[in-house]
Undergrad: 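Have a look at the structure that comes next, please.
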Amino acid sequence: MTETTTDPRAAAPEPARRYDFAAAEPRWQEAWAARGCFRVADVPTDGRPKYYVLEMFPYPSGKIHMGHVRNYTLGDVVARYKRARGFSVLHPMGWDAFGLPAENAARERGIHPAKWTWDNIAAMRAELQRMGLSLEWEREFATCDPAYYGHQQKLFLDFLRAGLVERKESWVNWDPVDGTVLANEQVIDGRGWRSGALVEKKQLSQWFLRITHYAPELLDALATLDRWPERVRLMQANWIGRSEGARLRFALDRPAEGITDVEVYTTRPDTLYGMSFLAIAPEHPLAAGIAARDPKAAAFIAECRRHGTSEVAIETGEKHGYDTGLRVAHPFVKDATFPVWIANFVLMDYGTGAIFGCPAHDQRDLDFARKYALPVTPVVLPPGADAATFAIEDTAYVGPGTAFNSGFLDGLAVDAAKRAAIAALERAGCGAGEVNWRLRDWGVSRQRYWGCPIPVIHCAACGIVPVPDDQLPVRLPDDVSFDRPGNPLDHHPSWKHVACPACGAAARRETDTFDTFVDSSWYYARFCSPHAATPVDRAAVDHWLPVDQYIGGIEHAILHLLYSRFFARAMRDTGHLGVAEPFAGLFTQGMVTHESYRAADGRWLYPEEVERRPDGATIVRDTGAPVTVGRVEAMSKSRRNTVDPGAIIARYGADTARWFILSDNPPDRDMEWTESGVAGAYRFTQRLFRLAEAAADRPAAPPPASFGPAALALRRATHRTIASVSEALDGFAFNVAVARLHEFANAIAEAERAAATPDLDWARRESVGILARLVAPMMPHLAEDVHARLAPGAPLVAELAWPEADPALLATETITIAVQVNGKLRAAIALPPDTPRDPALAAARAEPNVARALEGQRIAKEIHVPNRIVNFVLGA
RNA sequence: GCCCGCCUGGCGGAACGGUAGACGCAGCGGACUUAAAAUCCGCAGCCCGUUGGGGCGUGGGGGUUCGAGUCCCCCGGCGGGCACCA
């Protein structure tokens with residue numbers, strides 16, 4: 001299927017010549033591949049400056065979606081543009097191929113995860129290749145290939161030797177029926193998504209990468225990432241969460257299970273006088289001690305375990321507590337004691353797992369205090385408030401102010417009060433100032449089959465024993481079954497039974513696999529030398545890294561990018577890399593959205609099932625039944641508001657799809673995919689082709705000695721467009737580049753209507769030739785076609801340098817200046833560039849409309865901004 | 001709940017603090033055609049006015065400025081992230 005025209009009259013005796021994308025696109029794709037246009041060496045020696053363009057590699061779900069089309073089109077524009085600008089461009093592609101969906105397919109449909117994954121890769125590779133991306137396919141790899149993950153195991157072992165790996169306990173969501181750990185997204189209303197069983201928290205011994213070791217560096221280096229979006233840096237800074245506060249000990253009124261005091265971390269030591277309770281996490285050792293002799297406490301803790309581990313679940317869930325009956329002494333107030341509660345909103349992972357509650361100045365504490373009728377004493381007085389009447393209702397006061405009701409702190413501003421409180425704690429020997437981090441170590445253990453095996457062996461005698469380098473990769477076994485709950489690696493009859501590499505005794509292989517974020521934390525480095533026998537070739541990464549432009553979804557703003565930044569540092573400290581920051585430039589694209597449609601019975605409908613009638617009504621195409629048009633939202637299978645890129649490319653061609661996706665709006669915002677928008681983009685490809693045909697029909701001749709007004713005007717438009725499109729592409733304003741090219745096409749069409757003269761003919765051929773090269777990053781196939789028509793036998797556009805604007809043709813003769821009276825527009829005057837103040841003001845006053853507005857008025861001020869504006873400010 | 005964004009005609013958007021609405025989509029009018037499609041040309045923020053022109057307008061409210069879509073504060077709506085989805 002190519003064109004949709006089946007009307008026999010379309011094949012009339014003199015058919016209009018049309019651009020046949022279906023024939024042209026594969027032809028140019030083959031030409032690029034045959035000439036090796038996009039190939040670079042691992043360690044180039046040609047002296048060109050390097051530029052590494054990388055888009056986030058896809059998960060091989062089976063089909064590409066519009067989000068991929070957008071992501072890879074953006075990257076391809078950058079890659080092609082930088083190549084034309086003289087850079088040696090590295091632009092690779094691969095597959096983030098481990099993950100849960102493959103295991104789900106195995107459990108639900110009996111397909112082996114490896115087969116499912118590799119079949120999907122083959123299908124998606126073919127789809128990507130039809131997009132005409134300037135990728136170097138010779139560098140392709142998939143993370144599920146032992147040739148990749150073996151190197152990952154080597155990196156892990158190097159990290160282990162460098163002290164960057166730790167084994168510790170952590171809490172997970174446990175599905176007791178399926179016998180598996182659940183992702184937060186698999187916990188729905190407290191139940192496992194598949195089994196429906198009530199989820200429990202369970203403690204497991206897991207592998208952790210010590211990302212917290214780099215917390216200060218990861219935070220400080222954000223300031224150097226000046227080509228990252230500010231909001232991503234902000235999100236990362238908040239995630240790392242450096243806080244200054246105090247660690248302090250509260251003495252228990254009576255020891256419980258050998259524990260005599262509770263340590264608390266607080267960022268608000270200035271509010272200690274507002275304390276009304278102390279709360280510990282349900283997982284706190286003291287809580288366990290109390291539960292041992294108090295069945296009600298044990299029941300409360302068990303109840304807390306039935307809720308999810310996610311921050312959302314903890315923060316939005318109703319606050320519950322259990323009063324242990326224990327009390328603690330206040331560090332500053334003699335004889336004052338406060339109750340110790342176990343509370344479900346206290347996080348064991350942050351600080352010390354215990355807090356002191358100051359309800360007046362912390363919303364969570366206030367909610368808790370109101371629920372259990374605990375006292376609320378304000379101790380920070382907002383500026384201008386009256387100490388006698390200031391009271392807290394439903395909202396905690398967290399703003400600035402001065403301490404009151406606070407003994408020796410009274411009258412101090414918040415910051416000064418914090419310092420004074422810390423100093424007092426240190427003098428009293430019960431606490432000290434401390435910097436704390438929100439960032440936690442990265443738990444990488446997953447109890448799953450379809451992931452990279454963690455290369456260690458557990459030996460009863462030797463403990464944890466790394467798999468020797470010469471036994472890498474530790475390969476996944478192929479013969480696994482998914483018919484039982486739990487981890488297939490653990491169930492495998494023989495795989496885990498191995499001899500200890502150290503002592504030779506019977507030992508057990510680690511059956512956990514890595515979090516798939518590990519796979520994607522260093523793939524950018526592997527692409528520099530994808531066939532190296534070591535994880536990376538040092539000369540190759542030294543040449544290519546960091547990635548100059550990384551492009552992907554904002555949803556990866558925190559985890560993937562932070563893990564990659566960590567991995568680069570860990571690889572640096574183990575000698576694999578010379579850089580700490582993997583991505584010098586980052587661009588985060590918006591989502592692709594579409595209207596959603598619902599039938600009368602509530603069933604979601606695919607866009608191709610509905611039709612919009614001329615009167616505006618939307619109906620089911622086959623039945624004529626009415627359709628409810630829903631919100632425009634992210635494309636998703638469940639709402640069926642998806643558009644298949646394969647179908648779009650088959651119907652309109654890759655260039656049209658690329659052009660529309662670039663033209664619709666700025667790339668960092670969400671875009672709406674519309675049928676009319678694609679159709680418009682398609683019309684433009686045909687229009688451009690017709691302009692090229694018309695220009696190619698003009699005789700080719702050497703440049704004339706001089707140009708008449710029409711030819712000069714066209715040449716000015718041509719060179720202004722070179723400048724404006726270059727500027728737009730440099731700034732990622734691809735929609736603006738598209739608009740400038742539309743204007744340029746309009747200018748060429750206008751010139752086409754003028755009488756043919758040799759100078760104008762020459763300018764027409766020049767303009768269309770330049771148009772082809774300016775359009776090439778976005779519509780590379782059509783650009784080649786047009787270029788080949790104008791200059792048969794010339795090099796490919798993909799091999800040409802970017803056009804240069806002639807400065808002489810960029811200068812203008814007049815500039816339009818706005819004239820305002822009291823800031824209101826009253827006229828526009830045309831002046832030579834850089835007209836000085838006095839003549840500009842005189843010309844402005846001479847405008848009838850301005851003169852009328854100024855008549856009889858006193859002018860208080862005259863503003864003149866050269867080449868921009870004149871503003872007369874009238875006096876009182 | 002916490003953190004981070006976004007909001008401009010019917011729609012997507014453009015706009016170094018300096019003529020708001022470039023360009024496109026949809027729409028309307030015209031040309032071409034026996035007719036239609038395709039194509040080409042033109043109109044178009046809203047309101048008042050025959051014209052010249054005037055008023056109002058960038059989610060709402062306030063502020064800074066000669067001048068605010070743009071900078072600051074408050075409010076509203078929509079979206080992203082929250083550590084085992086990728």
Side-chain angles (χ1 to χ4, degrees), chain A residues 5 7 9-10 16 18 56 58-59 61 96 98-101 172-173 180-187 229-232 234-235 237-239 241 309-317 345 349 363-364 367 438-440 442-448 515-517 520 553-560 562-563 588 590-591 631 633-634 660 663-666 668-672 674 676-677 679-681 683-684 686-687 690 733 735-736 738-743 746 749 753 816-820 822-828 848-849 852 860-863 865 867-874:
Chain A
T5 31
D7 188 334
R9 277 164 295 196
R18 306 198 84 190
M56 291 179 182
Y59 179 78
S61 57
D96 189 13
F98 276 135
L100 274 178
V172 295
N173 298 311
T180 56
V181 176
L182 297 177
N184 285 324
E185 70 156 18
Q186 296 172 328
V187 180
E230 180 59 30
R231 62 170 162 154
V232 174
L234 249 172
M235 282 192 263
N238 288 331
W239 187 261
T309 58
S310 75
E311 195 178 311
V312 187
I314 291 161
E315 298 254 348
T316 58
F345 67 94
D349 288 323
Q363 191 62 44
R364 288 169 304 184
D367 295 344
R438 206 185 80 98
L439 184 67
R440 308 200 298 257
W442 175 14
V444 293
S445 288
R446 298 290 182 271
Q447 294 70 42
R448 318 243 182 245
D515 177 7
T516 55
F517 271 126
S520 55
I554 185 69
E555 67 274 17
H556 292 293
I558 297 176
L559 292 181
H560 162 62
L562 194 61
Y563 291 152
T588 52
M591 293 181 305
R631 292 196 318 169
E633 50 194 325
F660 173 54
S663 66
D664 188 61
N665 67 351
D668 56 341
R669 290 203 213 165
D670 290 352
M671 78 162 285
E672 185 187 351
T674 59
S676 58
R683 280 201 297 274
F684 185 73
Q686 295 297 343
R687 181 166 192 232
R690 283 193 300 274
N735 58 323
V736 179
V738 166
R740 299 293 164 254
L741 289 164
H742 273 289
E743 287 170 355
N746 291 341
R753 294 199 293 276
T816 306
I817 290 176
V819 182
Q820 299 179 338
N822 271 351
K824 280 191 183 297
L825 182 71
R826 287 294 174 250
N849 213 33
R852 199 176 322 130
K861 203 168 175 182
E862 294 169 329
I863 313 264
V865 181
N867 298 332
R868 295 230 170 256
I869 203 159
V870 168
N871 188 9
F872 297 103
V873 183
L874 301 182

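Every chain is numbered from 1, with letters handed out A, B, ... down the list of sequences.
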Undergrad: Below 3.5 Å between N/O atoms, which protein atoms pair up with nucleotides 21-24 of chain B? Just atom names and distances, please.
TA:
from, atom 1, to, atom 2, distance (Å)
rA22(B), O2', E743(A), OE2, 2.7
rG24(B), OP1, N746(A), ND2, 3.3

Undergrad: Between rA26(B) and rA37(B), how far apart are the P atoms? Round to whole Å, please.
TA: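 After rounding to an integer number of Å, I get 14 Å for this pair.
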Undergrad: State which residues pass ring pair (Phe, Tyr, Trp, His ring centres under 6.0 Å) with Y563(A); sequence neighbours excluded, sorted by chain then number.
TA: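 Scan of Y563(A) (ring pair (Phe, Tyr, Trp, His ring centres under 6.0 Å), adjacent residues dropped) gives W442(A), F517(A).
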Undergrad: Of all heavy-atom pairs between G823(A) and Q820(A), which one has the smallest distance, and what is that distance?
TA: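 Closest approach of G823(A) to Q820(A): CA-OE1, 3.5 Å.
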Undergrad: If the condition is ring pair (Phe, Tyr, Trp, His ring centres under 6.0 Å), which residues does W239(A) pass it with, not counting sequence neighbours?
TA: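 For W239(A) there are no ring pair (Phe, Tyr, Trp, His ring centres under 6.0 Å) partners, ignoring immediate neighbours.
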Undergrad: Which residue, R669(A) or D664(A), contacts RNA chain B at a nucleotide closer to its 5' end, judged by nearest heavy atom?
TA: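 On the 5' side of the pair lies R669(A).
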Undergrad: Under the rule for side-chain contact (heavy atoms from CB on, under 4.5 Å), what residues qualify as partners of P666(A), not counting sequence neighbours?
TA: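 Applying side-chain contact (heavy atoms from CB on, under 4.5 Å) to P666(A) gives D668(A), R669(A), N735(A).
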Undergrad: Side chain of R826(A): nearest nucleotide among rU39(B), rA26(B), rG54(B)?
TA: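 Within the option list, the nearest is rG54(B).
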Undergrad: Please evaluate residues Q186(A) and L100(A) with respect to the criterion side-chain contact (heavy atoms from CB on, under 4.5 Å), reporting the C-alpha separation (whole Å), side-chain torsions for both, the decisive distance (0.1 Å), and the verdict.
TA: CA-CA 11 Å; Q186(A) 296 172 328; L100(A) 274 178; 3.3 Å; yes
Undergrad: Take L562(A) and L439(A), measure what side-chain contact (heavy atoms from CB on, under 4.5 Å) needs, and give me the verdict at the end.
TA: CA-CA 11 Å; L562(A) 194 61; L439(A) 184 67; 3.9 Å; yes
Undergrad: Taking all non-hydrogen atoms of both residues into account, name the closest pair between T816(A) and A828(A) and its distance.
TA: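 Heavy atoms only, the tightest pair is CG2-CB, 3.8 Å.
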Undergrad: Please determine if a side-chain N or O atom of K824(A) lies less than 4.0 Å away from the OP1 or OP2 oxygen of rG18(B).
TA: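 No, because none of the side-chain N or O atoms of K824(A) sits under 4.0 Å from OP1 or OP2 of rG18(B).
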Undergrad: Identify whether the glycosidic angle of rG9(B) places it syn (within 90° of 0) or anti.
TA: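 That one's syn.
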Undergrad: Does a side-chain heavy-atom distance below 4.5 Å link I554(A) with V232(A)?
TA: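 When only atoms from C-beta onward are counted, V232(A) and I554(A) do touch, with a gap below 4.5 Å.
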Undergrad: Distance check, P atoms only: rA14(B) and rC82(B), in whole angstrom units.
TA: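 My reading of the P atoms in rA14(B) and rC82(B) gives 28 Å.
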Undergrad: Using the C1' atoms only, state how far rG67(B) lies from rG18(B), rounded to an integer number of Å.
TA: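 My reading of the C1' atoms in rG18(B) and rG67(B) gives 7 Å.
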Undergrad: Looking at residues at least two apart in the chain, or sitting in another chain, which of them share a salt bridge (Lys or Arg N to Asp or Glu O under 4.0 Å) with E743(A)?
TA: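 Checked E743(A) against salt bridge (Lys or Arg N to Asp or Glu O under 4.0 Å); matches are R740(A).
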Undergrad: What verdict does the side-chain contact (heavy atoms from CB on, under 4.5 Å) test give for N871(A) and V865(A), after you've listed the backbone C-alpha separation in whole Å, the side-chain angles of each residue and the deciding distance to 0.1 Å?
TA: CA-CA 9 Å; N871(A) 188 9; V865(A) 181; over 6 Å; no
Undergrad: Just jot down the ring pair (Phe, Tyr, Trp, His ring centres under 6.0 Å) partners of Y59(A), sequence neighbours excluded, or say none.
TA: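 Checked Y59(A) against ring pair (Phe, Tyr, Trp, His ring centres under 6.0 Å); zero matches.
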Undergrad: Are any side-chain N or O atoms of R448(A) and backbone N or O atoms of T180(A), one a donor and one an acceptor, separated by less than 3.5 Å?
TA: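 Here the side-chain-to-backbone pair does not exist.
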Undergrad: Rounding to an integer number of angstrom, what distance separates rG13(B) and rG60(B) when you compare their C1' atoms?
TA: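 It comes out at 23 Å once rounded to the nearest Å.
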Undergrad: What distance do T516(A) atom OG1 and D96(A) atom CG have between them, rounded to the nearest 0.5 Å?
TA: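 These two atoms lie 6.0 Å from each other.
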Undergrad: Nearest 0.5 Å, what's the NE2-CG distance between H742(A) and N746(A)?
TA: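 The distance works out to 8.5 Å.
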Undergrad: Have a look at T816(A) and say if it touches a base, only the backbone sugar-phosphate, or nothing, with a 4.0 Å heavy-atom cut-off.
TA: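 Result for T816(A) = base.
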Undergrad: Apply the test side-chain contact (heavy atoms from CB on, under 4.5 Å) to residues T588(A) and R231(A): give CA-CA distance (whole Å), side-chain angles for both, the deciding distance (0.1 Å), then the verdict.
TA: CA-CA 10 Å; T588(A) 52; R231(A) 62 170 162 154; 4.0 Å; yes
Undergrad: Assign a letter to each nucleotide of nucleotides 61-76 of chain B from its 5' end: B, base within under 4.0 Å of a protein heavy atom; S, sugar-phosphate only; -, no contact.
TA: -----B----------
Undergrad: rA22(B) and rC11(B): how far apart are their P atoms, nearest whole angstrom?
TA: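 Straight-line distance between the two P atoms is 15 Å.
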Undergrad: Return the value, rounded to whole Å, for the distance between atom CG of N849(A) and atom C1' of rG54(B).
TA: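 My rounded result for the distance is 10 Å.
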Undergrad: Could you list the protein-to-nucleotides 45-50 of chain B atom pairs, N/O on both sides, closer than 3.5 Å?
TA:
none

Undergrad: Between rU58(B) and rG69(B), how far apart are the two C1' atoms, rounded to whole Å?
TA: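 So the two C1' atoms sit 5 Å from each other.
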Undergrad: It should be established whether R753(A) places a side-chain nitrogen or oxygen under 4.0 Å from OP1 or OP2 of nucleotide rC41(B).
TA: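 Yes.
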Undergrad: Indicate for each nucleotide in nucleotides 79-86 of chain B, in 5' to 3' sequence, whether protein heavy atoms under 4.0 Å reach the base (B), only the sugar-phosphate (S), or nothing (-).
TA: SBSBBBBB
Undergrad: If we take the C1' atom in both rC16(B) and rC71(B), what is their distance in whole Å?
TA: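 Those two atoms are separated by 14 Å.
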Undergrad: Starting from C1' on rA38(B), measure out to CZ on F684(A) and report it in whole angstrom.
TA: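 Those two atoms, CZ and C1', are 17 Å apart.
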Undergrad: Please identify each residue that fulfils side-chain hydrogen bond (donor to acceptor under 3.5 Å, both in side chains) with N822(A), with sequence neighbours left out.
TA: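 Partners of N822(A) by the side-chain hydrogen bond (donor to acceptor under 3.5 Å, both in side chains) criterion come out as none, since no residue qualifies.
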Undergrad: If the P atom of rA44(B) is compared with that of rG53(B), how far apart are they to the nearest Å?
TA: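 To the nearest whole Å, 15 Å.
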Undergrad: State the dot-bracket string of RNA chain B. Criteria: Watson-Crick or G-U wobble, both atom distances under 3.5 angstrom; notation: ( ) intrastrand, [ ] crossing earlier pairs, | interstrand, . unpaired.
TA: (((((((..(((.....[....))).(((((.......))))).((((....))))..(((((..]....))))))))))))....
Undergrad: Sequence neighbours left out, what passes salt bridge (Lys or Arg N to Asp or Glu O under 4.0 Å) with R440(A)? Give chain and number order.
TA: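 Checked R440(A) against salt bridge (Lys or Arg N to Asp or Glu O under 4.0 Å); matches are D349(A).
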Undergrad: Rounded to whole angstrom units, what separation is found between the CZ atom of R18(A) and the C1' atom of rA37(B)?
TA: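 Distance check: R18(A) CZ to rA37(B) C1' gives 10 Å.
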